[in-house]
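Everything below concerns the one structure shown next.
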Amino acid sequence: MIKKFTLGLALAVSAALMPAATATAADYPVEKVKGAGTSACPADSVCLYQDSNFNLDSGDDGAWIWVVKGTTARIPDGGNDETSSVYSTLNRGADVWMDANYKGDSFYVPRFNENYASLKNVPQGHMTANFNDSISSVTFDNF
Ligand SMILES: [Ca+2]
C-alpha cells in the first residue's frame with residue numbers, strides 16, 4: 001500500500017516538473033503575447049511589457065508582453081530594447097540587464113512587486129538609472 005502511494009507521488013512530481021524542463025531546454029524560453037495588467041503575467045514568469053503601467057494605457061490594439069520562462073541571453077521576437085515595465089511571478093528572484101549576455105547595468109525584480117510600472121527612474125544605489133527601452137537579457141536566480 002505504501003509502495004503504491006510512493007510510486008503515484010513520484011509520477012505526479014515528474015509530471016509536474018516536465019513543462020519546466022521543456023521550457024528551459026529552449027535557447028530563448030520567451031513567449032510573446034498580447035495583454036495588459038499584472039494579471040496577464042502567467043505563473044513562474046518574468047513579464048516584460050512593451051509599454052509602461054503594464055500595458056494598461058496602451059489603447060484598443062493592446063501591446064506585447066514578452067513572457068520570460070528562464071534565463072535568456074537576448075530577448076527575441078522584437079523584444080530587445082522594447083520593455084517599459086516589468087512584473088515577476090517567480091518564486092525566486094530575477095535580474096534584468098541592459099545588455100545582451102547579462103552585461104551592463106541591471107536591477108533585481110522581486111516577486112509580485114508593482115514598483116516597476118515605469119523603468120525611467122530605477123534606483124541604482126544612491127542614484128537612479130533609465131532602463132526604459134533598454135532591457136536585453138534576463139537571469140533567474142538559482143534556488
Ligand atoms: Ca539593451
Side-chain angles (χ1 to χ4, degrees), residues 4-143:
K4 199 171 188 181
F5 173 76
T6 306
L7 180 63
L9 186 65
L11 286 173
V13 168
S14 60
L17 290 175
M18 257 161 66
T22 305
T24 51
D27 286 343
Y28 299 121
V30 178
E31 196 181 329
K32 185 181 180 182
V33 300
K34 279 221 168 145
T38 56
S39 62
C41 188
D44 224 14
S45 306
V46 172
C47 289
L48 308 176
Y49 294 81
Q50 183 179 9
D51 293 338
S52 60
N53 198 23
F54 313 112
N55 292 351
L56 286 170
D57 307 323
S58 303
D60 293 342
D61 289 340
W64 294 111
I65 306 170
W66 289 271
V67 178
V68 180
K69 292 284 189 180
T71 290
T72 299
R74 190 178 190 282
I75 309 302
D77 297 332
N80 188 49
D81 294 343
E82 285 291 333
T83 301
S84 295
S85 49
V86 176
Y87 186 74
S88 172
T89 59
L90 287 181
N91 60 356
R92 52 182 155 156
D95 292 278
V96 294
W97 301 79
M98 274 208 190
D99 299 340
N101 299 309
Y102 332 117
K103 294 195 167 98
D105 288 343
S106 67
F107 67 91
Y108 179 79
V109 185
R111 187 186 203 190
F112 301 151
N113 183 308
E114 299 191 1
N115 286 350
Y116 300 113
S118 165
L119 301 181
K120 290 189 174 167
N121 292 294
V122 175
Q124 293 273 287
H126 297 295
M127 318 271 283
T128 61
N130 185 354
F131 280 81
N132 193 49
D133 293 343
S134 298
I135 291 170
S136 293
S137 56
V138 179
T139 47
F140 283 22
D141 291 355
N142 291 320
F143 283 103

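Along the sequence shown, residues carry numbers from 1. We use all heavy atoms of the structure for the numbers below, so side chains are in, but hydrogens, waters and symmetry mates are not. One-based numbering, in listed order, for ligands and for the atoms of each.
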If you take the centroid of each ring, where Trp contributes its six-membered ring, are Phe107 and Phe131 closer together than 6.0 Å?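 Centroid distance Phe131-Phe107: below 6.0 Å, so yes.
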
Give, rounded to 10 degrees, the angle between O (Met98) and OG (Ser136) as seen from the Ca ion (ligand 1).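 Here the angle at the metal atom is close to 80°, to 10°.
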
Strictly under 3.0 Å, is the Ca ion (ligand 1) approached by any N, O or S atom of Ser134?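 Checking Ser134: at least one N, O or S atom is under 3.0 Å.
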
Verify the distance test for Asp81 against the Ca ion (ligand 1): any N/O/S atom under 3.0 Å, yes or no.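 Checking Asp81: at least one N, O or S atom is under 3.0 Å.
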
With a 4.5 Å heavy-atom cut-off, do Tyr49 and Cys41 have their side chains touching?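 Of all side-chain heavy-atom pairs linking Cys41 with Tyr49, at least one is under 4.5 Å.
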
Please examine the side chains of Val138 and Trp97, heavy atoms only from C-beta on, and report whether any two atoms are closer than 4.5 Å.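 Trp97 vs Val138: side chains apart.
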
Pairwise distance CG(Asn80) to CG(Asp99) - rounded to 0.5 angstrom: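 So the gap between those two atoms works out to 9.0 Å.
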
